[in-house]
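Please find one structure pasted underneath; my questions will follow.
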2 protein chains.
Amino acid sequence: MKIGALSTKTGLSIQAIRFYERKALLSAPERTQSNYRSYSDVALKQLMFIKQCRALDMTIEEISLVLQARANPDNSCAEVNATIDKHIADIEHRVDELKALQSTLISMRSSCTIDTKIKECGVLHKLDNIVEMQATYKK
Amino acid sequence: MKIGALSTKTGLSIQAIRFYERKALLSAPERTQSNYRSYSDVALKQLMFIKQCRALDMTIEEISLVLQARANPDNSCAEVNATIDKHIADIEHRVDELKALQSTLISMRSSCTIDTKIKECGVLHKLDNIVEMQATYKK
DNA sequence: CTTGACCCTATACTTGGTATAGAGTTTACA
DNA sequence: TGTAAACTCTATACCAAGTATAGGGTCAAG
Ligand SMILES: [Zn+2]
Ligand SMILES: [Zn+2]
Ligand SMILES: [Zn+2]
Ligand SMILES: [Zn+2]
């Protein structure tokens, strides 16, 4: 199977597949005489696994950890669970931050119910004055 | 005031200040004989405004829109309000996506309560099998 | 035998900055 | 006055997670 077929089957772009190879999530495939990548069904499964992880918003690094753990089937899955737990916490943290921003924004927005002039706009005045702001998300 | 003092007063890094200048959020300041940037208190206020907007997770583009509107005080603030409303919707959308991911992750994680071997791990089996996944966030 | 559909590598672009390198400038202190 | 520290300048590279090109090579059909 060449990369175009793999792209169609997985729904991932050709560039994304090559990108995952560069990032070592996917091992480099055999090449044809003309230097084309030639994939087996193992690569297809691997890519679908990666796609699932990305759909869960896991980072490349997190996926890499899970894939490494998955590679030796007799090991304990404790590390996988730790990675997933951390990722769940990552998302929870981000949700909390966004909710805090949301409530600040909504209260700010409520200070201008009827459109008026810029110089009298409550929203802009609040943007000038709000003192304690929520921290921006920093990884 | 030189850039270092401005950085201290605003709490923004020197590079961030120059970055905002490149992005035209902050107009290019006067220069001293030796080509050092020389700022007035107007720039300080402008930067604090930008900082507030970033703390609310607004994009550079959104901030740019608000700053343009703010520049002519007799205009209506309708555009500012539209920008803020859109941004509130942006955040709500992202929160919804993350919550959906969260519940998928938690249900997945619950399929491995006691650490076992990789090949028997419910989490990994689910990662292989989950079919309908939430869409990844695409701006 | 040439056109179109593939594939290859390498590079630039995105966002919101951060972190250098290598150079010039100003300030403090002896 | 000398010099060393602290400051500033531009330009460039880097981060995530890819996308989008340019400029080439390869393969099948008509
Ligand atoms: Zn994570
Ligand atoms: Zn208003
Ligand atoms: Zn927004
Ligand atoms: Zn397990």
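Predicted model, so just to flag it, every value in this text is computed and none were measured. We name chains A, B, ... by the order of the sequence lines, and we start the count at 1 in each one.
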Please list all pairs meeting salt bridge (charged side-chain N to carboxylate O under 4.0 Å, His left out) that have one or both residues in residues 104-124 of chain A, counting only residues at least two apart or in different chains.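 Passing the test, one end in residues 104-124 of chain A: A/R109-B/D85, A/K119-B/D74.
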According to the salt bridge (charged side-chain N to carboxylate O under 4.0 Å, His left out) rule, which pairs have a member within residues 32-50 of chain A, sequence neighbours left out?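 Of all non-adjacent pairs touching residues 32-50 of chain A, those that pass salt bridge (charged side-chain N to carboxylate O under 4.0 Å, His left out) are A/E21-A/R37.
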Which residues pass the side chain to side chain contact (heavy atoms under 4.5 Å, CB included) test with B/F19, sequence neighbours left out?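 So B/F19 forms a side chain to side chain contact (heavy atoms under 4.5 Å, CB included) with B/R22, B/K23, B/I60.
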Are B/L98 and A/D57 close enough, and set up right, to give a side chain to side chain contact (heavy atoms under 4.5 Å, CB included), and what steps lead you there? CA-CA 9 Å; B/L98 289 179; A/D57 219 16; 3.9 Å; yes
Within residues 9-31 of chain A, residues whose heavy atoms come under 4.0 Å of DNA chain C: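 Nucleic-acid contacts, sorted: A/I14, A/R18, A/R31.
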In Å, rounded to the nearest 0.5 Å, how long is the span from CG of B/L105 to OG of B/S110?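 If we round to the nearest 0.5 Å, B/L105:CG and B/S110:OG are 11.0 Å apart.
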Show your working on salt bridge (Lys or Arg N to Asp or Glu O under 4.0 Å) between B/D128 and A/R70 and close with a plain yes or no. CA-CA 11 Å; B/D128 270 325; A/R70 203 177 63 143; 3.3 Å; yes
Could you give the distance from NE2 (B/H87) to CE (B/M58), rounded to the nearest 0.5 Å?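 That separation rounds to 6.0 Å.
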Degree of bending in the helix from C/dC1-D/dG30 to C/dA30-D/dT1 once both end axes are built from five pairs, to 10°: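 That helix gives 30° between its end axes.
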Looking at the side chain of A/R54, which of C/dG16, C/dT26, D/dG18 is the nearest nucleotide?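 Of the options given, the side chain of A/R54 lies nearest D/dG18.
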Minimum heavy-atom distance A/C121-B/N81, with the two atoms named: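 What the structure gives for the nearest pair is SG-OD1, 4.4 Å.
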Verify side chain to side chain contact (heavy atoms under 4.5 Å, CB included) between A/M1 and A/K9, making sure each step is shown before the conclusion. CA-CA 10 Å; A/M1 184 173 20; A/K9 283 192 188 175; 3.9 Å; yes
Stepwise, does the salt bridge (Lys or Arg N to Asp or Glu O under 4.0 Å) test hold for A/K86 with A/D90? CA-CA 6 Å; A/K86 184 191 157 294; A/D90 289 345; 2.9 Å; yes
Sub-4.0 Å heavy-atom contacts from residues 32-49 of chain B onto DNA chain C, ordered by number: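 Output list: B/S34, B/Y36.
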